[in-house]
Novice: 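This is the structure I want to talk about, given as C-alpha cells.
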Amino acid sequence: MHADFKLPRPDAGDYSPWPAMFLVVALTSVGCQQKMADQPSFRPDEPSSFFADGTSSRRPVAGTVARGHLRTDVALYFGRRALPEEPDTRSTTAPNVATDATAPSLLKVEAAQFADTVDEFPFSVTRELVEHGRNRYMIYCVVCHDAAGTGQGKIVQRGYTRPPSYHIDRLREAPVGYLYRVVAEGYGSMPSYAGQIPPRDRWAIVSYVRALQLSQHFPLDNLPEDLRRQLDAGAQVATVGGAP
C-alpha cells in the first residue's frame, strides 16, 4: 500500500458509514420479527388437524405432576387420614339444617362422608396463624357467618341460606378436618372455596373458627382470678342495671 494512502475519517464530510449501518440493522430487525411472529405454535384451544381428536391442547401424560403440586401430605392438603381410590371433591347435597342442627339425616351423611377426617392440625397452631386466619375469615367467611360465627352475615340477612352457628354442639365437637373439608369441598349451600383459599390459609381459618368457638364456651374455672372477678363484677352491674 502506498505510504500516502489514508482511509477517510467519518467526520471528513466525504464519508459516513452510519446511514448504511442503521439500514442494515433495521432490515435485520424486521426480518427477525417476521420469523418470530410466524411460528408453527398454536393458541390456547385452537383446533388442529395434526391430532386425531382435532384439538391442539394436549392433556398431561398420565401420572405426571406439575412442579410444586406434589401433594403427598394427605392431612395437610385434604384433611383426611388417607385418600380413597377415587376422591370425590364435589359439594355434597346434604339438607340444610339451620333450624335443626341434630337432624338424623345430616348426622348419617356426615358419619359416612367425613368418617376419615383428621382430628388434629397438620402443623403447629401459633398466635400468628390464628391472626392470619382471622384476616382470611374477614375476607371470605364473614359475609355469611358474621364476625361472631353465628350465621347471621349480611348476605344471609338479604335472603341467602343461613348456615348453622359455629357454636352449636355438633360443630364444636366436629374434628378440625371436617371444618377444613367443608371449606375445601363445599357442603350443602356452601360452595367449595378451594379455588380462592390455599390449603394453609384454610387451616388458618379453621384455627380462628376454633378460637371463636372457645371464646363463647371458655371454662370459667380456667380463667385467672383477676379475670373472674372482672366477669363477676360485670354480671352484677348488668343485673342491677336491668332490674326494674
Side-chain angles (χ1 to χ4, degrees), residues 63 65-98 101-103 105-146 149-151 153 161 163-217:
V65 179
R67 185 184 297 272
H69 290 267
L70 184 60
R71 299 182 171 183
T72 55
D73 191 335
V74 177
L76 173 63
Y77 290 105
F78 302 97
R80 297 174 180 261
R81 295 186 179 91
L83 283 178
E85 294 182 0
E86 295 182 0
D88 183 5
T89 58
R90 296 171 297 178
S91 298
T92 62
T93 56
N96 181 268
V97 288
T102 59
S105 58
L106 177 66
L107 297 180
K108 290 180 180 179
V109 169
E110 289 177 344
Q113 185 74 10
F114 299 105
D116 62 341
T117 56
V118 296
D119 53 7
E120 295 182 355
F121 285 86
F123 47 80
S124 299
V125 176
T126 63
R127 182 186 182 91
E128 291 74 19
L129 180 74
V130 177
E131 286 290 342
H132 183 64
R134 184 189 68 83
N135 178 275
R136 300 293 95 181
Y137 179 93
M138 291 301 176
I139 294 175
Y140 296 105
C141 313
V142 72
V143 292
C144 285
H145 296 275
D146 73 56
T150 63
T161 304
S165 170
Y166 289 137
H167 306 293
I168 62 175
D169 291 342
R170 177 174 64 83
L171 293 183
R172 289 177 54 229
E173 297 171 0
V176 291
Y178 169 83
L179 301 177
Y180 175 91
R181 288 184 58 185
V182 170
V183 177
E185 303 174 13
Y187 193 76
S189 297
M190 176 175 169
S192 166
Y193 277 80
Q196 295 90 341
I197 308 176
R200 290 185 178 273
D201 283 3
R202 298 172 209 162
W203 283 113
I205 290 174
V206 172
S207 73
Y208 181 67
V209 170
R210 279 292 193 242
L212 280 178
Q213 294 172 329
L214 184 60
S215 71
Q216 301 299 315
H217 300 86

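All values reported here derive from a predicted model rather than from experimental measurement.
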Novice: Distance check, rounded to the nearest 0.5 Å: F78 atom CZ versus E185 atom CD?
Specialist: 9.5 Å
Novice: If every non-hydrogen atom of R210 is compared with every non-hydrogen atom of P175, which pair is closest and at what distance?
Specialist: NH2-C, 3.7 Å
Novice: Side chains of D119 and R81: closer than 4.5 Å at any heavy-atom pair?
Specialist: yes
Novice: A side-chain contact here means heavy atoms from C-beta on lying under 4.5 Å apart; do Y137 and L212 qualify?
Specialist: yes
Novice: Y208 and G133: which non-hydrogen atoms are nearest, and at how many Å?
Specialist: CB-C, 3.8 Å
Novice: Can you tell me how the ring of Y187 sits relative to the ring of Y178, calling it parallel under 30°, perpendicular over 60° and tilted otherwise?
Specialist: perpendicular
Novice: Looking at CZ of F121 and OG1 of T126, how far apart are the two atoms once the value is rounded to the nearest 0.5 Å?
Specialist: 11.0 Å
Novice: Taking the six-membered ring of F123, is the NZ or CZ of R200 close enough (under 6.0 Å from the centre) and on axis enough (within 45°)?
Specialist: yes
Novice: Rounded to the nearest 0.5 Å, what separation is found between the CG atom of L179 and the OG atom of S207?
Specialist: 11.0 Å
Novice: With a 4.5 Å cut-off on side-chain heavy atoms, are W203 and L129 touching?
Specialist: no
Novice: Quiz question: by atom type and distance under 3.5 Å, do the side chains of R202 and Y180 form a donor-acceptor pair?
Specialist: yes
Novice: Would you say M190 and P163 make side-chain contact, with heavy atoms under 4.5 Å?
Specialist: no
Novice: Distance check, rounded to the nearest 0.5 Å: I139 atom CD1 versus R136 atom CZ?
Specialist: 3.5 Å
Novice: With the threshold set at 4.0 Å, does a side-chain nitrogen-carboxylate oxygen contact exist between D116 and R80?
Specialist: yes
Novice: Nearest 0.5 Å, please: how far is CD1 in I197 from CG in D201?
Specialist: 7.5 Å
Novice: Of the non-hydrogen atoms in S192 and A184, which two are nearest, and what is the gap between them?
Specialist: OG-O, 2.5 Å
Novice: Looking only at non-hydrogen atoms, find the nearest pair between V130 and A211 and report the distance.
Specialist: CG1-CB, 4.2 Å
Novice: Write down the atom of I205, the atom of C141, and the distance for their closest heavy-atom approach.
Specialist: CG2-SG, 4.0 Å
Novice: If you look at every heavy atom in Y166 and Q213, which pair is closest and at what distance?
Specialist: O-NE2, 2.9 Å
